[in-house]
Structures are given as C-alpha cells and as structure tokens.
Engineer: 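Handing you a structure now.
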There are 2 protein chains.
Amino acid sequence: MTECSGDLRARRRMRTADTIRKAALRLVVTRGIDNVTTEMIAHEAGISLRTFFNYFAFKEEALMPPPIDFDERAIACFNEGRDSLLNDVATLLLTQFEDVDEDRAQLRFLFELSQTHPKLVLVRDKAFQQYEDIICKLIAGRLKVAPDALRPRLMAACIAGAIKVAMSGWVRSSEGTAADHVRRALAALETLFSEN
Amino acid sequence: MTECSGDLRARRRMRTADTIRKAALRLVVTRGIDNVTTEMIAHEAGISLRTFFNYFAFKEEALMPPPIDFDERAIACFNEGRDSLLNDVATLLLTQFEDVDEDRAQLRFLFELSQTHPKLVLVRDKAFQQYEDIICKLIAGRLKVAPDALRPRLMAACIAGAIKVAMSGWVRSSEGTAADHVRRALAALETLFSEN
DNA sequence: GCAGATTTTGCATAGCACGCAATATCAACA
DNA sequence: TGTTGATATTGCGTGCTATGCAAAATCTGC
C-alpha cells in the first residue's frame, strides 16, 4: 500500500462520512429528531444500515460536526506568538467562525437541539472534549511543554469552557455573531480570577 | 398532599435510586461493564426492569454519582467571603473530598472506566455539567449577579474544567490525593492567563 | 377503612448496535 | 489486462435498550 492509496481511501472515507452526516441532518431538520431512525439515515445516505455503524458508533454521533483541522498557516502564525497567548488563541479559533451562513444556521440548529435533547447533550460535550484536546496540543506546542502538563491542560479546559459558555449565550440571546460572543468570553478570561 | 408526604416520597425515591446505583456498581465491578444488562441491575436491586427506567433514563446513568448537595454551613461560610473567591470555592469544594476510602475507591474506579468506555465518557461529562451549574449558582449568589451572567458562568466553567483536569491527572498519576490535585489546579487558575 | 393520588409492574414492540461471514470494491504489480 | 491481497460493504441473525400503555399495588390524608 502506497501513501497515495491511503490518502485516497481516507478521503473517500471522509466523503462518505460527510454524506451520512448531511443525510442525518436533513432528516432531523425535516422530520424532527425523534422520528428519525438509523435505517432512515442509512437509506437517505444510500448505504446499508450495517455500513452506518461502520462510520458512527451510535446514531447521534452522525449529528456531531466533523473534527476540525486548522489551517496550516494559522497554526504557524500561532506558534510564532506575536501577541499574548490568549489573543493568539482567539485569533486562531475565530478563523473557524468565518463560515458561510448555511453552516452557522446548522451549527445553531444543532446547538439549540442539544440543549433540550438529552442524548445530544452528551454528544455536544464529547465534541467539546475533542476540541479541548486539540487546543491543548496547540498550546503545549507553543509553550514547548508536554501536552499532558498541567498548564496547557488547564488553559485548554478554560478556553473550551469559555467557548461553550459563549455559544450557549449566543444561541439564547441571538444578539451579535457567534464570533463576537466567543471573542468577548475569551477576553474575559485574562482577568477573570485576578481581580476580586 | 402535605409537605410531609412529599418529603417522605422524595426520600424514599432517593433511597431506591441509591439502591439501584449500588446494585449497578456492584455488578459492574464484579462482571465488567460489558457483561451487565439493565435486567441484571433491576434484578440485583430487587425491582422490575420497567421500574429501573422510571429512575434512570438510560443504563449508564445508574453509574453516575448522585447530585451533590453542599453543607448548609459551608455555603453560608462561602457567601460571607472571608478569602479570595477562588480560595473560598476551593474550600467549599474540598469538603466534598473528605469522604471515606471506599467512596474514593469507587470514584476512582468509575473515573478510570469513564476514560476508556465511550458511553461513560458521555455520562461523566454530564455529571461535570451538573457540577458546573451548581458552582455557577453559588458564585452568582456570592457576587450578587444573575446566574446566567457571563462572569459567574465563565468562572464556573473554568473551575469545573480545572477539576476535570485535576481528576484525570489524579487517576493517571496516582501520586497524592484527589484533593491535592484539585487544590493545585484551582490555585493555578488565578494567574493562569495573566502571566505570559 | 375509604378515596384519590402515586408508584410499580407486566406486556408488547420498535429500534439500536454488534458479531460474523460472504460479497464487492479497490490499489498495485506483473 | 488479469491476478492478488487488502479494505469496504452488505445481509443476516441476535440480544439488548428503552418506551407506551394499562392494570395492579401501594401509599397518604381524611
């Protein structure tokens, strides 16, 4: 197996996963989450039920956003570290929020749904955990310490937590963009505990 | 329905829930989580399968620790606010870790399990979310602001995140007590982002 | 001990999730 | 272009999860 083949297969795999995700989302939007079965999703995506479970461990996972991968340039810029760490993290993360309206609408729909539907709460938290892990690795890289050291892990936990708070605030208030909320929350972290 | 009856029923309900929790834990410890069914748990707890689902929405929820309630005195002390907010939070939270060895062993067992078993990851995060909500209310009370204001929510998110980091560090390192790890993590929050 | 409210339970059922083995598809090489 | 080994897809069978519903049991206050 050459590298090329692995790449091809990986890409194909990602495309199929995305097809399933889109199918699941479409069905949930139109029929409501409680009226969508795994069989429907598989059928809508043009695969067998068994294949669905080759891609996702459980039904709700198909409604999770795919793992993010940051722009190479953005990561390099982050590692240089022109600004304070917190600001640079904000800059890096907010490149993610430059998406088109359709994506934002989907994000909002899922986030709203995840606040009421119990199983989606779990899925949302899992997504944030993955997010936190990535941020932790990035910070550890910039600080030149091990990824499981206390400091990067704490920082990542706070940042991920702040993003979660910001997002739920955004969904509820509907004032300003999601990026605004995230920016504000991250900025508040700096002096959160130092001024009492 | 008088207040007394409600109290009686609530207490009875909590006792039953606890019986189920203990039964579930006992079975999981002895047989391994993959070999335990809801029927076994119900049987072990002396109730019907249907009743199990009256108490827990899904199987793994029976392995979640019950919602904590802080000591009245401790809360009052926290609201007075002798020390810095972060220190007082630490003091308040660490009253929770004064438990007997048996409880700590259980906590550790479940936390270890939750790091490998996918569905328990979800449950653990849900437990931490509840924890975060309680902390948020407490902080909001002390700061005399609304519980859904940005500052208490951010603080609670950071504190809950720090505790999660501390706990997973504790389970992995097995050096020092859980309280030590939590204390250290919370102390680190103060200057986490202010010194770059 | 009776009436009303609440809880428990049995039963039926749709759906979830996985193991297994057969089949199909694909990338590489001769 | 056909062969080969690897990977992906699929069908089938199965046990378990989780819920609705209505009957039975149990509580509570009077």
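Below, chains carry the letters A, B, ... as their sequence lines are ordered, and counting in each starts from 1.
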Engineer: Roughly how far apart are B:Ile20 CD1 and B:Glu61 CD, rounded to 0.5 Å?
Structural biologist: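 Those atoms lie 11.0 Å apart.
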Engineer: Hey, what are the protein-to-nucleotides 23-25 of chain C N/O distances that come in under 3.5 Å?
Structural biologist:
none

Engineer: Who passes side-chain contact (heavy atoms from CB on, under 4.5 Å) against B:Met14, sequence neighbours left out?
Structural biologist: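 Listed in chain order: nothing, the list is empty.
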Engineer: For A:Asp34 and D:dT17, what is the distance between atoms CG and C1' respectively, to the nearest whole Å?
Structural biologist: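 Going from A:Asp34 (CG) to D:dT17 (C1'), I get 16 Å.
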Engineer: Where along residues 38-55 of chain A does a heavy atom fall under 4.0 Å from DNA chain C?
Structural biologist: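 The answer is A:Thr38, A:Arg50, A:Phe53.
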Engineer: Above 12 or not: heavy atoms from other molecules or residues under 6.0 Å from CD of B:Glu72?
Structural biologist: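 No, not enclosed.
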Engineer: Would you say the side-chain atoms of A:Ser48 and A:Thr51 include a donor-acceptor pair closer than 3.5 Å?
Structural biologist: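 There is such a pair between these side chains.
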Engineer: Tell me, do A:His181 and A:Ser173 make a side-chain contact under 4.5 Å, heavy atoms counted?
Structural biologist: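 They are in side-chain contact.
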Engineer: Taking B:Lys126 for its side chain and B:Met64 for its backbone only, find out whether a donor-acceptor pair lies under 3.5 Å.
Structural biologist: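 Absent.
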Engineer: Could B:Asp18 and B:Arg15 be called an ion pair, given the rule that one side-chain N must be under 4.0 Å from one carboxylate O?
Structural biologist: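 Judged by the 4.0 Å cut-off on N to carboxylate O distance, B:Asp18 and B:Arg15 do not form a salt bridge.
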Engineer: Rounded off to whole Å, could you give me the CD-to-C1' distance for the B:Glu60 and C:dA17 pair?
Structural biologist: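 To the nearest whole Å, that distance equals 12 Å.
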Engineer: Would B:Arg172 and B:Glu112 pass as an ion pair if we require N to O under 4.0 Å?
Structural biologist: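 Answer for the salt bridge query: no.
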